[in-house]
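Hydrogens, waters and symmetry mates are skipped; everything else that's a heavy atom, side chains included, is used. It should be emphasised that the depicted structure is a prediction, and the values quoted were computed from it without experimental measurement.
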Amino acid sequence: MAKKDKVSETPATALLRQQGVSFTEHPYEYLEHGGAQHSAQVLGMDPFSVVKTLIMQDQDAKPLVVLMHGNRKVSTKNLARQVGLKSIEPCAPEVANRHSGYLVGGTSPFATRRAMPVFIEETILALPRICINGGRRGYLVGIDPQVCVQLLGAQPVNCALAE
């Protein structure tokens, strides 16, 4: 069963439109725990260019956002070392929901409830285009990866591990 091609506005898409960012919409059938690998497969995309938005926290439970390739994991040790923190770990889903204002599985880095530092795997910035969550489960938007630096102040890091 195909989903409709137009998705109602989310805080993320409202911000992108307000900032004049051109994006493409990619709705798909959401699968619980399917992740970026599932969305890439369903949409016929390379999981390397589907970017997941991860809400993590440092040793003081301060939240941060990590943007990572859909088929890579975050080396939290490498990330912590590069950004000068003692430790970084994923937030529990309910904590991530509170920080971002989105449901896990539908977390966009754009228009989060709390302002958080954003870190982006540097190899993402070399891609011509990425798909990233548009603020709801089963919904990706296609954008130029430089938008993450321009709108979010995303800092490049090198912390990818093969899945």
- Task: Begin from the C-alpha positions of Ile132 and Leu140 and carry the test side-chain contact (heavy atoms from CB on, under 4.5 Å) through to its verdict.
- Result: CA-CA 5 Å; Ile132 195 162; Leu140 300 180; 6.0 Å; no
- Task: Could you tell me whether the side chain of Thr24 reaches within less than 4.5 Å of the side chain of Val141, counting heavy atoms only?
- Result: no
- Sub-4.5 Å side-chain heavy-atom contact between Arg114 and Ser100: no
- Sorted by first residue and then second, give each salt bridge (charged side-chain N to carboxylate O under 4.0 Å, His left out) pair with at least one member in residues 50-79; sequence neighbours left out. Lys52-Glu163
- Roughly how far, to the nearest 0.5 Å, is the CD atom of Gln146 from the CG atom of Leu151? 11.5 Å
- Task: Compare every heavy atom of Ser49 with every heavy atom of Leu127, then report the nearest pair and how far apart it is.
- Result: CD1-CA, 3.9 Å
- For Ala154 against Ile120, the heavy-atom pair lying closest together: CB-CG2, 3.8 Å
- Nearest atoms (heavy-atom pairs only) where Phe23 meets Arg17: CZ-NH1, 2.8 Å
- Item | Gap separating the OG1 atom of Thr13 from the CZ atom of Arg136, nearest 0.5 angstrom | 7.5 Å
- Note on the structure: Note: with side-chain heavy atoms under 4.5 Å as the link, the other cluster members for Ile88 come out as Leu54, Met56, Leu64, Val66, Met68, Val74, Leu79, Val83, Leu85, Phe119, Val157
- Task: Please report the closest heavy-atom contact between Ala12 and Ala111, naming both atoms and the distance.
- Result: N-CB, 4.0 Å
- Message: Does any part of the side chain of Tyr102, heavy atoms only, come nearer than 4.5 Å to the side chain of Ser108, both counted from C-beta?
- Response: yes
- Evaluate the side-chain proximity of Arg137 to Glu32: yes if any heavy-atom separation is below 4.5 Å, no if none is. yes
- Message: Would Ile130 and Cys148 count as a side-chain contact (heavy atoms from CB on, under 4.5 Å) here? Give the steps.
- Response: CA-CA 10 Å; Ile130 60 170; Cys148 298; 4.1 Å; yes
- Note on the structure: Shortest non-hydrogen pair, Thr10 vs Gly134, comes out as OG1-O, 2.6 Å
- Query: Are the side chains of Gln155 and Val118 in touch, meaning some heavy atoms are under 4.5 Å apart?
  - Reply: no
- Query: Any side-chain heavy-atom pair from His69 and Pro47 closer than 4.5 angstrom?
  - Reply: no
- Any chance you could lay out the side-chain hydrogen bond (donor to acceptor under 3.5 Å, both in side chains) test for His99 and Thr112, step after step, and finish with the verdict? CA-CA 7 Å; His99 288 318; Thr112 54; over 6 Å; no
- Can you tell me how far CG of Leu43 sits from CD of Glu29, rounded to the nearest 0.5 angstrom? 11.0 Å
- Task: Measure the CG-CD1 distance between Asn97 and Ile55 for me, rounded to the nearest 0.5 Å.
- Result: 9.0 Å
- Check: Tyr139 and His26 side chains under 4.5 Å, non-hydrogen atoms: no
- Message: Does any part of the side chain of Gln82, heavy atoms only, come nearer than 4.5 Å to the side chain of Asn158, both counted from C-beta?
- Response: yes
- Query: Hey, mind stepping through Tyr30 and Ser39 against side-chain contact (heavy atoms from CB on, under 4.5 Å) and telling me if it holds?
  - Reply: CA-CA 8 Å; Tyr30 177 74; Ser39 57; over 6 Å; no
- Message: Minimum heavy-atom separation for Gly105 and Asn133, please, with both atom names.
- Response: O-ND2, 3.4 Å
